Amino acid sequence: MDFDVPILSDSEEPPPPPTGRIDLDALLNDLTGPQREAVLHTEGPLLVLAAAGSGKTRVITRRIAYLIHCGVPAWQILALTFTNKAAGEMRERIHAILSPSGDGRAVRGLTVTTFHSLCARLLRRYAEPAGLKPDFTIYDTSDQTALVKKAIETCQLSTSNFPARSVLTAISNAKNDLVDADAFAAASFDYTTKVVARVYRAYTDAMRRANAVDFDDLLLLTARVLARNADVREECRRRYQYLLVDEYQDTNKAQFQIASLIVGTQTEPGTRGPNFCAVGDPDQAIYGWRGADISNILEFEEHYPGAKVITLGENFRSTPAILSAADTLIRINRRRKHKPLFSSKAGGEPVEVVSCNDERQEAAIVAHWLKERHTHAAWRDMAVFYRTNALSRVMEDALREANIPYTIARGTAFYEREEVKNALAYLRVVANPADSVSLGRIINVPTRGIGATTYSRIEAAADQTAVTAFEVLRRAESVPDLTARAAGAISKFVAMVDGWTGGGSFMGQSVPHTLHDLVDRIVKESGLESMYKAQAAASQNESDLERMENLAELVSSAAEFEKEWDPAADPAAAAGGDSSAPPLLALLRAYLESIALVADADAVDPSQGSVTLMTLHAAKGLEFPAVAIVGLEEALLPHAREMENDAAMEEERRLCFVGITRAMRRLLMTHAKYRTIRGIPERTVPSRFLAELGKGNTIVSDRGRDEEDAWEHDSRSGAAHASGASPRRPGAGAAFPVGCNVRHPQFGIGVVQTVTGGANARVSVLFRGIGLKTLVLEFARLSKV
DNA sequence: CATAAGTCTTTTTTT
DNA sequence: AAGACTTATG
């Protein structure tokens, strides 16, 4: 085979010659020129700008296979993806290329994982230099919120002045920018920032005392330990000679730092620089709100001088009709390097745009559209995307009504259920007794006479003596003001936990020896199961029975995990960590970690034979022959909270672009003229993005009623009007049409976004410098400008 | 201390 | 509409 691509022209140290283990021809001959070039460029920094649908995954998997084929030991290769599912698929595809017959020796030691999993693994391995204990718990958002709340209280502040959510956001943003509590305090001058700095400090202290880390800590602490500890850095560098990062446009500063510390940035003269391959697409950057910094990808060449840049522009996924709509839309973004999208396919149906009356009709229309598609395509080949999770509900109802099988991509949904969270909290206390948030959650669930007063006394004692709450429980007699009854209840609780852990040793006859046994016993002996059983009996409620089933499902998921777990292959265990941990504890830890790091997109399972429902964010990286995107309305997509500045608006547009480019053959985009938001029906405005698709690319139809009818319908379907109350005509609303400029005595100048009808008509106005406010029309002191 | 009822508020997106 | 949070009552 004759390739016009120089294979190793500019490298001094060519990799070992191909060993001929695989069919090189098969690996390369169906690739385009640029794709092949990306696969063959193994040495030195490489940036692959991969447009949507340009065969990115194929290039990545072939490239890794090629590296191994060239003799690079698989264990020297580290590939980082966005979700576990992407990692799993990639690993499978590489495996399929290298050892089709399946012995898997060629890929042994290859690391394909997410940033967060890698960091968790490194932090367990290097717990000590990171200032942690290896059995740390990973806190999710609700755990974080609980702890921030407590931190706010310890700082003697009020959560009404400083809502936990916003403080947490500030802390999280700081961490994403690699600003720790000390640095934050040093840089805070105004009152609010200083307060946040105090809470940040208190929160961090509480976190360490609970032997816990949050998602941001995984990245921050890893970056810090790599930066400050030369030994750790060297060890990682020696191990990971080849780094590949996918979705590079969505990495934040911490991730950027981790990557550059692992590969090293110093380029001695004459060398070609680190073997770092970044793959991404600036047009698909949709995580700015969580600290992702698009300049990581835009400035790659400055960070890694001499980097080779390859652009994959040809789209193999979508019809020209869909592609043209996507391209017309994304061209509107000003801060953007134009990158033409082109297709080798021909024809295709135009994008269908449908106006609906309300969200229920919208859902019914989508269901009907899916049914039509089903005459040619399988359910698994279709998907429905929406901006916010709240929109899934109506869609679910409609699909159930239409007998269409569906699955919602919400990886964490199961683990967020109350009963499952409770059972997991027990497991976390067993794995890490210092975990105060989990302990607080379950100490009186089911009720066992240890109420809020008692527990706050325990916590106070723990804070004062700087020991963990669980240790205080062990010697509850010494806690002042505890009632004898409470003390008795506490010692029973401690005895129960000790029964599962053997007092922490995980040894002894009566202690569980398998994860399955442990989880099963905890669910039963904690009283959780009987509590929900009693509730189910009392209420005859379907959802209470469901809780029982969920507990059973958790037990079997633990059994499943146990069966598949290979201690040798387990990242945490294999990386060393504290190898002294009892085997069951190591297993439990791995189980809890796998749960903590599930992504929504992980729940997408094409083998399910059902339509997939998911957010636009979760849709990134996927493709479906038929796609419907719902809720194309101003204030929803683009979202109200992101309409205030151009950068945010452009990110919303990219989000829409990501949704469109998932579609291979058919695309439906809908909006509802009326949508019920938090209980009140509101008039909406079609998304600007619909107009921006380009007239020639779409075929538009209106299935909604006209305005007058809609108002009538709206006031009647408001259902809960007090009898006799005459629904207000849109008279007042008409005075402030959507888009009109208004003045408010307090908020200043703004633009009307939505106007509702009904008994309590609202008007929402986007005020300059203030944001979106919803006012009761009758009382709003608004005047037209 | 436990529970029920009533009031208030509301991150959109996620590892 | 749904959940978090507060207060009243036994």
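Just so it is clear, the model here is predicted, and its values are computed rather than measured. Within every chain, numbering begins at 1; the chains are lettered A, B, ... in the order of the sequence lines, protein sequences first and strands thereafter.
With hydrogens and angles left out, the side-chain atoms of A:N422 and A:R441 include a donor and acceptor closer than 3.5 Å. Side-chain contact annotation: A:E419 with A:N550, donor-acceptor N/O pair under 3.5 Å present. In summary, the side chains of A:D293 and A:N252 do not present any donor paired with an acceptor at a separation below 3.5 Å, with no hydrogens or angles considered. When only modelled atom types and interatomic distance are considered, A:S142 and A:T145 share no side-chain donor-acceptor pair under 3.5 Å. For the residue pair A:Q361 and A:E359, no side-chain donor N or O sits within less than 3.5 Å of a side-chain acceptor on the partner.
Looking at A:R224 and A:D180, a side-chain N of the basic residue comes within less than 4.0 Å of a carboxylate O on the acidic one, giving a salt bridge. Using a cutoff of 4.0 Å between basic side-chain nitrogens and carboxylate oxygens, A:D250 and A:K620 are scored as salt-bridged.
Looking at heavy-atom distances under 4.0 Å, A:K149 makes contact with sugar-phosphate atoms alone, never a base. Among the heavy atoms of the strands, none lies under 4.0 Å from A:D216. A:F115 comes within contact range of no nucleotide atom at all, as no heavy-atom separation falls under 4.0 Å.
Aromatic pair A:W289/A:H617: ring centres closer than 6.0 Å. Two rings, from A:F82 and A:Y287, have their centers less than 6.0 Å apart.
One can place CG of A:D214 at 18 Å from P of B:dT14, the figure rounded to the nearest angstrom. We find that CZ of A:R678 is positioned 8 Å from C1' of B:dT9, with the value rounded to whole Å. As rounded to whole Å, 13 Å separates atom P of B:dT15 from atom CE of A:M614. Nucleotide B:dT12 holds its P atom 12 Å from the CD atom of A:E652, rounded to whole Å. The distance from atom CG of A:D602 to atom P of B:dT14 is 12 Å, rounded to the nearest whole Å. Summarising the geometry, the separation between CD on A:E634 and C1' on B:dT12 is reported as 15 Å, rounded to the nearest angstrom. Taking atom CG of residue A:L118 and atom P of nucleotide B:dT15, one finds them 17 Å apart after rounding to whole Å. A straight line from CD of A:E247 to C1' of B:dT15 spans 13 Å, rounded to a whole angstrom.
OP1 or OP2 of B:dT15 has not a single side-chain nitrogen or oxygen of A:T83 nearer than 4.0 Å. For B:dT14, neither phosphate oxygen OP1 nor OP2 lies less than 4.0 angstrom from any side-chain nitrogen or oxygen of A:T412. Under 4.0 angstrom from either OP1 or OP2 of B:dT11 there lies no side-chain N or O belonging to A:T169. Neither OP1 nor OP2 of B:dT15 sits under 4.0 Å from any side-chain N or O of A:N176.
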Kindly determine whether A:L132 and A:L221 satisfy side-chain contact (heavy atoms from CB on, under 4.5 Å), including the steps that lead there. CA-CA 9 Å; A:L132 299 170; A:L221 297 178; 3.9 Å; yes

Applying side-chain hydrogen bond (donor to acceptor under 3.5 Å, both in side chains) to A:E362 and A:T670, what does each step give before you reach the verdict? CA-CA 7 Å; A:E362 178 185 49; A:T670 60; 2.8 Å; yes

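Taking the C1' atoms as reference points, B:dT11 lies 23 Å from C:dT6, given to the whole Å. Distance noted for atom C1' between B:dT12 and C:dC5: 23 Å (whole Å).
Note that the first and last nucleotides of DNA chain C, 5' to 3', having any atom under 4.0 angstrom from a heavy atom of chain A are C:dA1 to C:dC5.
Looking at the side chain of A:T447, the nearest of the listed nucleotides B:dT13, B:dA2, B:dT15 is B:dA2. When each of B:dT14, B:dA2, B:dC1 is scored by its nearest atom to the side-chain atoms of A:H617, the top-ranked nucleotide is B:dT14.
The aromatic ring of A:F82 does not sit over the base of B:dT15; the criterion of centres under 5.5 Å apart with planes under 30° is not met.
Taken residue by residue, residues 387-397 of chain A places heavy atoms nearer than 4.0 Å to DNA chain B at A:R387, A:T388, A:N389.
Mapped onto DNA chain B by nearest heavy atom, A:A618 and A:R165 fall at different nucleotides, with A:R165 at the one closer to the 5' end. Comparing A:R290 and A:T454 by the nucleotide of DNA chain B that holds the closest heavy atom to each, the one mapping nearer the 5' end is A:T454.
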